[in-house]
Amino acid sequence: MESNLGMKRLLVVSNRLPVTIDKKQGEYIFKESVGGLVSGFSAYFNSLQNTAFTEKDSVWIGWPGLSVEMSDQPAIRERLSKEFGAFPVFLDEATMDKFYLGFCNKTIWPLFHYFFSLTKFEDDLWEQYVAVNKVFCDAVCQIARPDDVIWIHDYHLMLLPEMLRQRMPDVPIGFFLHIPFPDYEIFRLLPRRWGAAIMEGLLGADLIGFHTIDYTQHFLNSVARILGLAHALGRVRIGERTVRVDTFPMGIDFAKYHETAKQPRVIRESERLRRMLGDRKIILSVDRLDYTKGIANRLEAFALFLEQNPHWQEKVTLALVVVPSRVGVDQYQSMKRNIDETVGRINGRFGTLRWVPIVYQYRYLPLSPLVALYSASDVALITPLRDGMNLVAKEYVAAKADNQGVLILSEMAGAAKELDQAIMVNPNSIEEIAGSIKEALEMPEHEQQRRNQGMQVLLAKYDVIRWADLFIKQLLGMRESERKAAAK
Ligand code: GDG
C-alpha cells in the first residue's frame, strides 16, 4: 500500500507520544497513552509503518511522559525508535507541569472550550509555553530532512509551525487543531500580543485544519481581526506565502471497533456484562475526567429521568466510566470529588437491595472490555458542554455490529455535524437530557437500526486513514501549486 505521501517520510509532532513511559521499582514501563489524538491517529501512523516505501521510516515526535535521567536517555531513545517509530523530546517534569498543566490546560483548554471564568492569564505561564515550543522546534530540527513532511498536532504546539518555518523554509508543514477554535469574541480575551503570536505561529504552516466549518470560520475571522490579513476561499496571504485553512472532520478506525465487536470473546464479555447488570437496559457514559464533558449535568439528568419515570426504576443501569486525566490541575480534583458525591447521592436516593442505579468505574479500560461495553449498551449518553469532535460517539456507533442501540449526542460536540441520526440534546438543559433518555429507551428496534446503518456508512467511508490521506493530499497539493505559481 502507498499513501499520499509518495516516497516521503512523515514527521508527526504532538505533545505526547502514543506511548507513555512510567518508572516502577527502577524499571521503565511502556504503555499506551490515553486520549482522542493518540487513539485516533495511531491507526494512520501504524499503517505507514507497514508500507514498503520511505514513509515506513516515519517518526512520531513528542514527550514520553516523564523525566528520563541523562544516563538512561540513549537506551530509551533507541527502544522508542525501534519498537514504536518514536523520537522523544526529553523535558523534565517540572518544566512540563508548568507548560502542560499551565498555559495549555489553565489558559488555552478552558478558553477554547468557552470556560473563560476558569481561564488563567499569567505571563509566566505564557513564557513557559513559548520556551517549550522552542524545545520542540530544536528536537524536530535534530532529525528533520529537507524532503520530509511535517504534521503538527494540537493546541500545545501552536507556535511551532512558524518556529520551524524560520529554520526550514521549504518543508511542507501541516497543523491540525483537535479542540474547538472559539469565536473571535472569546479568542480576543487573550492579551493581544499572545493572540497575535498564536495566529502568526499557526500561519507558519502551509495547511491548517479544523474539525468543523465553524471552527475554520472562527479562525479566519480572528486572523482578519487580529492580524488584519484578508482571506478568500480559505486562503490567507502572509508575506510571500499562501496558507490554506480548511475543514477535516476526524474519523475513527472504523474497522477496529466494528470487527472487535464481532470477536467471540468480546461477544461473550458483552453477554456477561448484561447478565451481571441483571439483564436491565444499560446506558453508557465514557469520558476522560474533564469539566468540558458535562458529566455532572448527565448525572443530574439521569436522576431526573428516574424521578419522572418511576416505572423505569430497577429496569435501567447507568454504566459510568471516567478515565483519570490531568490529575495535577485543581479543577480536575474537585470535579472528581463532585462526581463521587453525586453518584453516591443518586445511588443512595434511588438504589434498592436488588439494584444499583449507577455502576461507576474510575479507570482506563483496555480495548476489548471497552468495546464489549459499547456493544452491551442500549444507549450511549454523550453530552459534552463543548467538544472539538468526540470520538467516543463515533466508536459507539461503529461497535454496534447488530445495529441496535441509540446515541444521545450533545449538539455542542463537533461530531454532531456528521452524526445527524443521533438524538440531539442541548447539554445545558437537564430536562432535555432526561427527556432524551426516555425517548432513547423507548425507540423501536427498526428505528434504531435505520439510524445506525446510516451513520455506519458514513463512519466506514470517512475513517481515520481517509481523513489523514485527505489532509496530506491537500498539504502536498498546496506546495505543488505554490511551486508552479512561483515558476510562472
Ligand atoms: C480530543 C478532543 C477530539 C477513553 N476512555 C478509554 C479509552 N478512551 C479513548 C476513546 C477515544 C478517546 O479515548 C477519547 O477521545 P475523545 O474524542 O472522546 O476525547 P478527547 O480525549 O478529549 O480528545 C476531542 C479528539 O481529541 C480527536 O481529535 O475528538 O474533541 O477533546 O478514542 O476510545 N480507550 C480505552 N479505554 C478507556 O477507558 N481503551
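Atoms within each ligand, like the ligands themselves, are counted from 1 in listed order. Note that the coordinates shown come from a computational prediction; the quantities given were computed from them, not determined experimentally.
Within the structure, ligand 1 has K293 among the residues with a heavy atom less than 4.0 angstrom away. Under a 4.0 angstrom heavy-atom cut-off, F41 registers as lying outside contact with ligand 1. Using a non-hydrogen distance threshold of 4.0 Å, Y155 does not register as a contact of ligand 1.
Aromatic ring centroids of Y184 and F187 lie 6.0 Å or more apart. Between W194 and F103, the distance separating the two ring centers is shorter than 6.0 angstrom. For Y462 and W467, the ring centers are positioned 6.0 Å apart or more. Note: F210 and F176 fail the aromatic proximity criterion, with ring centroids not under 6.0 Å apart. In this structure, Y396 has its ring center no closer than 6.0 Å to that of Y257. Ring centers of F45 and W60: under 6.0 Å apart, within the cut-off.
Considering backbone and side-chain N/O of V321, none are found under 3.5 Å from N/O of ligand 1. Every N/O-N/O distance between H113 and ligand 1 stays at or above 3.5 Å. Polar contact with ligand 1: present for M389 (N/O pair, distance under 3.5 Å).
Using a 3.5 Å distance cut-off with no hydrogens or angles, the side chains of N105 and Y155 do pair a donor with an acceptor. A donor-acceptor contact closer than 3.5 angstrom is absent between the side chains of N15 and Y100.
Of all protein heavy atoms, the one closest to atom 16 (P) of ligand 1 is L391 N, 3.6 Å. Looking only at heavy atoms of the protein, atom 30 (O) of ligand 1 is closest to D387 OD1, 2.5 Å. E395 OE1, 2.5 Å is the protein heavy atom nearest to atom 33 (O) of ligand 1. Atom 29 (O) of ligand 1 has N390 N, 2.9 Å as its closest protein atom, hydrogens excluded (heavy atom only). Scanning the protein for heavy atoms near atom 5 (N) of ligand 1, the closest one is V323 CG2, 3.1 Å. At the top of the distance list for atom 25 (C) of ligand 1, counting protein heavy atoms only, stands G36 CA, 3.8 Å. Of the protein's heavy atoms, H178 CB, 3.7 Å lies nearest to atom 26 (O) of ligand 1.
Of all the heavy atoms of K394, none lies under 4.0 Å from any atom of ligand 1, so neither backbone nor side chain is involved. Of the heavy atoms in L365, both backbone and side-chain atoms come closer than 4.0 Å to ligand 1. Counting heavy atoms closer than 4.0 Å to ligand 1, residue Y374 contributes side-chain atoms (C-beta onward) but none from N, CA, C or O.
Those atoms of ligand 1 with a heavy atom of G388 less than 4.0 angstrom away are 30 (O).
Residues I21 and I29 fail the side-chain proximity criterion, which asks for heavy atoms closer than 4.5 Å.
The pair K473-D469 fails the salt-bridge criterion, with no side-chain N (NZ, NE, NH1 or NH2) lying under 4.0 Å from an Asp/Glu carboxylate O.
A cation-pi contact links K336 to Y362, judged by a cut-off of 6.0 Å to the six-membered ring centre and 45° from its axis.
Protein heavy atoms all stay at least 4.0 Å away from atom 8 (N) of ligand 1.
Considering H211, M250, Q361, R288 only, the shortest heavy-atom separation from atom 21 (O) of ligand 1 involves R288.
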